[in-house]
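Quick note on labels: first sequence line is chain A, next is B, and so on, each numbered from 1. Bear in mind that the values here come from a model prediction, so they are computed numbers and not experimental data.
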Amino acid sequence: MSEDEEIRSAKRQKVLDSEAERVAEAAEESLRKHPHGDRDQPLVHHDAGEFSGLKRHETTSEQAEKLENGPINPFTGNQLGQKYFDILKVRRDLPVHAQRAEFLKIFHSSQIMVFVGETGSGKTTQIPQFVLYDEMPHLTGMQVACTQPRRVAAMSVAARVADEMDVSLGEEVGYSIRFENKTSNKTILKYMTDGMLLREAMEDHDLTRYSCIILDEAHERTLATDILMGLLKQVCLRRPDLKIIIMSATLDAEKFQKYFHNAPLLAVPGRTFPVEIYYTPEFQRDYLDAAIRTVLQIHATEDQGDILLFLTGEEEIEDACRKISLEGDELIRDQNCGPLKVYPLYGSLPPHQQQRIFEPAPINPSTKPYARPGRKVIVSTNIAETSLTIDGIVYVVDPGFSKQKVYNPRVRVESLLVSPISKASAQQRAGRAGRTRPGKCFRLYTEEAFHKELIQQSYPEILRSNLASTVLELKKLGIDDLVHFDFMDPPAPETMMRALEELNYLQCLSDEGELTALGRLASHFPLDPMLAVMLIGSPAFGCSEEILTIVAMLSVANVFVRPASARKRADEAKLSFAHPEGDHLTLINVYESFMTASDKGGVHQWCRDNFLSYRSLTSAKNVRSQLRRIMERYDLELVSKYGEIGEGVYWDNIKKALVGGFFMQVGKKKSGTGKTYLTVKDNQEVLIHPSTVVSKEGEWMIYNEFVLTSKNYIRTVTTIKPDWLVEYAPKYYNLDHFSKGDVKLSLERIIERVEASKKFDSKKK
DNA sequence: GAGCACTGC
């Protein structure tokens, strides 16, 4: 860069600071004009109809059941169909139904209640309907919400309940998840993800459109559930008319009760089959080997029924599948065992391969008496613990480990660690054996270890995460005093401090800890604050279209596929998209090529040929258009200078915009050594991850993530000029806060150089 | 020269 250009960009930064503020304020103005954005129309009001004579919050189960018995659908006024009555019979058999009167009694007498129901109790489908018959939301213009931690659950439960109530999905009963809002102005019962309700709360702090909020699966303690619980506890004080039901598994009911001022509890038994638990007599050093032996033993000796084995990750699972298949073949030959089919199951597996786990178990073709049964074995990650249920599992093999996210605030790194599971997890895993008939669970640890070494519950997510987004969300929720916010499990003070510090450097929070205009704007994006700030700043560099693409690509699962059988070809394919100076820049090339291929057709094959994940790229496309809509809503300029300016300047502008978000994630090459980099401020020694396509390594690199595996790696990197750091993030690059060393020394020199050229510039004038 | 447990906005 010439000195002249350096000076110009320094000036541009001055413009930029006020520009970002101006942009944020303009967005606020637009928000003031349209406070509800794209919210629904007001709800339709009916006359009391079938409900006439019933008093809200005083109804009885007899009254509700009479209405349920028909013949008129009390919520729509339509005649009820035969299918409705068929389902009604089944519903009346569910364990929750026996306690409907008891439920109503507690619901009437208390603002908050805790409801505990085991699998098969029918709580997720029935409790919200019990509430509807008492709340009569169609008469009050309010809604009942029921949250779920996962999208599929919200969608499928809503569909089931719409059937049960004989209404069309999306009318009286609907669901709301990211990318899809299937509700209308008729909707009185809304299933939604907990994250979605949190988003709504950020716009409407008192959640005024709901008369009752049900938090389902609260025991999973997702980040969103935890924040919602803290928030609802406050909202209850401001809105005495709002009712809250916390639904959870048994184990931690008491903790929820205590948290909500000793809220009353209703417990309903589940409907599952007994599962016999077996422990190993002694500690197993090699759990993988023990697991494989156990599976084969079950196959050789136990009665018919499929096997589910829990392992920790893709590689381990694929490895175990190979070994079980091989040894299973031997059993079939030597010991007359039945045929054995082995299926891997993990999140990154393409959907059609995930579907294969539902194929029926193989049948033993032998007609001899006492022929051993054929069987399928599913080797799975935790995905089969909560997200996916497989019927027909009779045997569960549980080695007692899973990969869990841990956050280290000192080095600000999230990493995955293989760790012992909790008692609650072990119980959940065992339960998977008893869904269709009595089953057995083989725990590959001792009974003593179970009692003495496993913790009761896994640590909630809020204790294992970087809280930058969370703190921004809480601020946007109107919670000013974070230190005294009533978390069910308060995060470590150091984690909190790190998050506040990071948001302050990003200028999302003022030095007083107050939300800035930029922070408010950033909170509207479903992104890490770093990425949100980068995106908001990008129009000033004339490349918001490009930054949108990068941010979307960084928000989805890895788009590069690298099968063990074709590593070399996959790496070559990746290189064909490479930008020599940046992995971030390469992502633009990949996305653009994907979009071109989409226009031409045959894009699935194109993805396979290029070792790219169709699923991830499609999801990046969705994320990108969602983010683009938010940009439009807040009048953030959508701009690209592609083809208008020289290629060097074009890519440099994008890099500068990247620096606007990633200035805290920078590595500087360690002098003399060659490959090692030092992270700025923390002075950690790191290597560039071997997956990089960067061939023109620079002295200074920004990185997307820090990964701790066999070594310390920085992954997804792009070269930058250090001058941009001091220009665009002067606050962070105030060297008073840097410890002595290589990095500080170089930065001092750069600042001197920039200062000198500024003086030179003012003399020229 | 090497890994992506699982979710969610």
Checklist line | Charged N-O contact under 4.0 Å between A:R562 and A:D571 | finding: yes
Notebook entry, point to check: What integer distance in Å separates A:M155:CE from B:dT7:P?
Noted result: 14 Å
Margin query: Under 4.0 Å, counting only non-hydrogen atoms across every strand here, what does A:I177 touch: a base, just sugar-phosphate, or nothing?
Written below: sugar-phosphate
Check: Can you tell me how far C1' of B:dC9 sits from CG of A:L197, to the nearest Å?
Finding: 12 Å
Next item on the list: Mind telling me whether A:Y591 and A:F594 have parallel, tilted or perpendicular rings, with 30° and 60° as the class edges?
Entry: tilted
Check: Do A:F662 and A:H584 have ring centres separated by under 6.0 Å?
Finding: yes
Notebook entry, point to check: So, A:E502 and A:R498, do they make that salt bridge, N to O below 4.0 Å?
Noted result: no
Checklist line | Check ion pair A:E385-A:R432 (N to O, under 4.0 angstrom) | finding: no
Notebook entry, point to check: Looking only at heavy atoms, what is the nearest atom pair of A:S544 and A:M631, with distance?
Noted result: CB-CE, 3.8 Å
Next item on the list: Encode nucleotides 1-6 of chain B as B, S and - characters from 5' to 3', where the letter depends on protein heavy atoms closer than 4.0 Å: B to the base, S only to sugar-phosphate, - to neither.
Entry: BBBBBS
Item checked: Separation of B:dT7 C1' from A:L223 CG (nearest whole Å) -> 10 Å
Notebook entry, point to check: Going by an N to O cut-off under 4.0 Å, is there a salt bridge joining A:E217 and A:R150?
Noted result: no
Item checked: A:E203 CD - B:dC9 P separation (whole Å) -> 16 Å
Margin query: Can you measure A:F179 atom CZ to B:dC9 atom C1' for me and round it to whole angstrom units?
Written below: 9 Å
Next item on the list: Give the rounded distance in Å between these two atoms: CD of A:Q428 and P of B:dT7.
Entry: 15 Å
Notebook entry, point to check: What is the distance, rounded to the nearest whole Å, between atom CE of A:M202 and atom C1' of B:dC9?
Noted result: 9 Å
Check: Rounded to the nearest Å, what distance is computed from the CG atom of residue A:L535 to the P atom of nucleotide B:dC9?
Finding: 19 Å
Note to self: Once you apply a heavy-atom cut-off of 4.0 Å, does A:T193 come out as touching a base, just sugar-phosphate, or nothing?
What the structure shows: sugar-phosphate
Note to self: Need the glycosidic conformation of B:dC6: syn if within 90° of 0, anti if not. Which one?
What the structure shows: anti
